Amino acid sequence: MKTHEDANTMTQTPPNKYGFFDDAKREYVITRPDTPLPWLNYLGQDEFFGLCTNTAGGYTFWKDAKLRRLTRYRYNNVPYDLGGRYFYVNDGGEVWNPGWKPVKTKNVAYECRHGLGYTRIVGERDGLEVETLFFVPPGENLEVWKVTVRNKSAQRKTPKLFSYQEFCFFDALNDMTNLQRTYSIGEVEVEGSAIYHKTEFRERRNHYTLFACTRPIAGFDTSRDAFVGIHEGLHEPKVPFAGACTNSIAFGWNPIGAHQVDLDLAPGAEESFAFVLAYVEQGDEPKYDAPFVMNKKVGRAIVEKYSAPGAVDAALAALKKYWDDLLGNFQTECPNEHANRMLNTWNQYQCMATFNMSRSASMYETGIGRGMGFRDSNQDLLGFLHMIPSRGKQRILDIAATQLSDGTCFHQYQPLTKKGNAEIGGDFYDDHLWLVLSTCAYIKETGDVTILQEPCGYADKEYASADAQENLLHHLETSIAYTMKKRGPHGLPLIGHADWNDCLNLNCFSTEPNESFQLAGDVKDSKAESVMIAGLFLYAANEMDGLYSFMGKAADANRMRAHHAEMLAVIERETWDGEWYTRAYDAEGRVVGSKSNEEGKIFIESQGWCVLGGAGANNGRAKQAMESVHKHLFTKNGVVLQQPAYSTYNKDLGEVTSYPPGVKENAGIFSHNNTWINLGWCLLGDGERALEYYLSICPSAKQDQIETYRGEPYVYAQMIAGKDAPCFGEAKNNWLTGTAAWTFVTVSQGLLGVKPDFAGLRIDPCIPKAWPGFTATRRFRGNTYQIDVKNPSGVCKGVKSLRLDGKDIDPQAPIPFVADGKTHQVEAVLGA
Ligand code: BGC
Ligand code: NOJ
């Protein structure tokens with residue numbers, strides 16, 4: 001285990017009190033378990049996922065955290081994080097956990113390493129070291145828990161090790177709430193070292209959970225009451241303290257999986273074995289071998305596979321290779337260690353999590369509420385497409401199929417069913433435009449325009465066959481047409497329930513505390529308009545223009561240019577407030593986000609999107625809007641969402657005014673929208689501001705204020721408390737945020753300027769003047785580009801010369817793309 005002295009030699013960033021980055025290993029090392037909040041990692045990359053905290057808390061699910069939950073977790077528990085992948089060690093009567101919790105025995109040495117797709121937790125007490133390693137092998141629907149027990153003492157040791165996790169009855173909401181039923185239905189079978197959780201298997205279900213040990217066991221328990229007790233807690237479970245399992249077979253109540261492994265270790269000896277926690281669907285296999293006896297063929301094969309010598313280590317090696325390959329798609333060496341570390345490792349890793357989870361399962365999302373968000377998942381793609389474009393393609397088509405034929409969208413859908421979530425509904429009038437951004441990003445990444453022709457129906461229409469469905473391009477046109485058509489009195493797009501800012505509810509008017517801000521209120525015939533959607537539309541129209549131009553469709557490109565010009569004229573005519581762009585018009589036609597308002601005078605979103613869409617480019621307003629952001633909204637911890645914060649609830653504005661000042665959408669620092677401002681600075685060519693703003697929300701740069709920041713130092717947070725809050729600088733909602741994808745775009749495309757474009761890769765950095773340059777490796781459409789940017793004259797922006805494999809090429813155009821699968825040298829020199 002590393003000491004702080006070791007840590008200093010491993011990274012330039014001083015370790016904080018709780019841990020440090022081990023950049024070479026791509027791990028975050030946590031050196032004490034009592035972190036300011038539970039620090040989370042995710043296991044799994046394909047369809048099987050686990051949440052795993054630094055004390056081994058968390059749960060597991062297949063595909064859908066709501067509908068296929070395999071293990072239990074109690075939300076907002078006391079302490080926050082309780083329940084998970086626990087091991088209890090009984091060493092001569094002394095009981096402890098390698099991950100400290102739940103027993104929290106004194107004098108247990110501890111180290112947790114969160115790595116890419118795995119978490120390794122090591123505990124040591126009285127000369128006995130227990131190393132636990134949790135991961136999901138690529139392509140598998142199972143978790144491996146590898147355990148290594150080492151006797152570092154001079155005496156023979158005969159410790160007993162108990163595994164423990166609690167099964168969930170698959171439907172997580174029902175599992176937690178419908179106790180009159182669930183207390184009677186639990187069923188398990190045990191065969192050798194394998195515990196099968198098969199609740200409801202006899203009725204409608206054709207799947208089960210397997211929890212098995214690859215080594216012979218001395219006993220097991222499957223009844224929580226037997227293992228833990230009725231009046232006991234997880235910190236004082238009966239069996240580990242008594243030192244022997246009871247071989248209980250759960251009938252109803254709460255089934256668990258617990259194994260007892262008895263070890264006999266000579267001084268210096270060690271033993272390794274593993275547990276697998278798997279999800280199995282029987283498919284066409286018969287369900288039963290005999291009445292009440294499950295067919296365990298698949299489960300047995302899994303146990304056999306992972307019991308083979310070397311199988312677990314091979315699976316771990318496959319996981320490491322998987323991530324090395326994926327991250328190899330983009331690597332940089334630039335003068336800023338935070339940008340390097342985040343971009344090269346953690347940011348891309350977080351993008352995988354947001355792609356897989358959307359906003360469903362984290363320490364802040366319970367997995368029983370939200371599924372995949374329409375706007376969220378489209379934006380998440382922006383940080384994922386360069387890694388696995390084929391999965392991105394499927395996601396785009398899945399999302400598009402939840403759009404309705406009038407252009408509006410289901411706001412969320414369930415990943416298991418891929419069906420829109422009717423309770424949450426639709427009518428968020430920005431949703432459809434994000435589909436334009438994700439689709440264009442896919443085509444820019446791959447050059448594959450055939451995606452546009454893929455059959456893709458609308459959620460409210462029935463089709464005789466896939467051939468009868470519309471295609472993806474139809475959805476993009478529907479989206480553009482919707483915004484052009486659905487406009488209000490000022491010619492700006494209507495807002496519906498809300499635009500990106502889910503809490504600016506201009507049609508809600510709720511005075512009833514039991515209503516949802518997002519869903520109360522009728523949007524029909526409303527006149528409320530959004531300047532942010534107008535700006536986003538400019539951007540989307542530009543994208544469509546670029547796409548059609550690339551496809552040689554000049555008339556369509558011109559049509560998009562005309563849309564852009566029309567919306568731009570509206571923005572410039574109606575929304576310039578003197579020093580910034582306004583935010584909206586409410587249902588009564590009153591302005592929101594103007595100096596004439598008493599609170600909420602200036603909002604971040606419309607400055608970001610108007611500037612990125614090309615507003616204010618020729619009349620100085622873009623620069624002025626951004627300077628206003630700097631003056632009124634920027635802080636050392638990021639840009640607050642608006643100012644002044646709302647102090648009282650205003651039913652005409654909705655949820656945004658319900659929050660205490662300084663948090664969430666009421667003047668909190670919403671990292672997601674900070675990135676749009678960042679990209680704005682890049683567009684305007686201010687590399688100093690671009691880096692300064694980026695670092696203000698960068699978790700790696702918060703080591704010296706970790707007690708205030710509290711969140712994981714390795715992933716971006718959705719929200720950091722703003723200057724109006726007493727806890728200014730405190731992070732919340734870490735992990736599942738659009739910040740992941742957008743900071744990837746900001747750093748890779750904005751700062752470093754390595755931009756996929758339709759015709760090829762474009763090089764257009766915007767860096768601080770003091771940077772002498774940087775290098776990057778970018779895999780793109782099967783080729784590899786080794787990019788070397790030099791900045792001899794100390795500028796922020798402007799490529800003076802560009803060479804491809806030693807030959808001069810047009811510095812303003814994308815690098816001409818030839819698909820040869822080779823490595824190419826690109827040299828860019830910045831300057832006037
Ligand atoms: C949150 C928003 C979120 C919305 C989703 C609100 O309470 O503040 O960030 O988008 O809920 O339902
Ligand atoms: C989080 C939601 O997931 C996202 O859809 C929304 O845009 C932001 N909050 C801002 O309200």
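Indexing begins at 1, ligand by ligand and atom by atom, following the structure's order. Computed over heavy atoms, backbone and side chain alike; hydrogens, waters and symmetry mates excluded. This is a predicted model, so every value here is computed, not measured.
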On the 0 to 90° scale, with breaks at 30° and 60°, tag the His114-Tyr714 ring pair as parallel, tilted or perpendicular.
perpendicular
Could you list each N/O atom of ligand 1 together with any protein N/O atom closer than 3.5 Å, one pair per line with the distance?
{"residue": "ligand 1", "atom": "7 (O)", "partner": "Glu655", "partner atom": "OE2", "Å": "2.6"}
{"residue": "ligand 1", "atom": "7 (O)", "partner": "Tyr659", "partner atom": "OH", "Å": "2.9"}
{"residue": "ligand 1", "atom": "8 (O)", "partner": "Tyr659", "partner atom": "OH", "Å": "2.6"}
{"residue": "ligand 1", "atom": "8 (O)", "partner": "Glu665", "partner atom": "OE1", "Å": "2.8"}
{"residue": "ligand 1", "atom": "8 (O)", "partner": "Glu665", "partner atom": "OE2", "Å": "3.4"}
{"residue": "ligand 1", "atom": "9 (O)", "partner": "Lys664", "partner atom": "NZ", "Å": "3.4"}
{"residue": "ligand 1", "atom": "9 (O)", "partner": "Glu665", "partner atom": "OE2", "Å": "2.6"}
{"residue": "ligand 1", "atom": "10 (O)", "partner": "Asp502", "partner atom": "OD2", "Å": "2.7"}

Please verify the inter-ring angle class for Trp735 with Tyr42; under 30° counts as parallel, over 60° as perpendicular, anything in between as tilted.
perpendicular
Students often mix this up, so state it plainly: with edges at 30° and 60°, are the rings of Trp609 and Trp434 parallel, tilted or perpendicular?
perpendicular
Taking the side chain as every heavy atom from C-beta outward, state whether Phe744 and His386 have any atom pair closer than 4.5 Å.
yes
Asp81/Arg74 ion pair, N-O < 4.0 Å
no
Compare all side-chain heavy atoms of Ile669 with those of Phe728 and state whether any distance is below 4.5 angstrom.
yes
Heavy atoms, side chains only, cut-off 4.5 Å: are Gln718 and His672 in contact?
no
Within the 4.5 Å heavy-atom criterion, are Glu529 and Arg487 side-chain neighbours or not?
no
Hey, can you tell me if Phe61 and Tyr59 have their rings parallel, tilted or perpendicular (30° and 60° cut-offs)?
tilted
Using a 4.0 angstrom limit on heavy atoms, which residues are close to ligand 2?
Arg359, Arg370, Arg375, Asp376, Trp500, Asn501, Asp502, Glu665, Phe670, Gln718
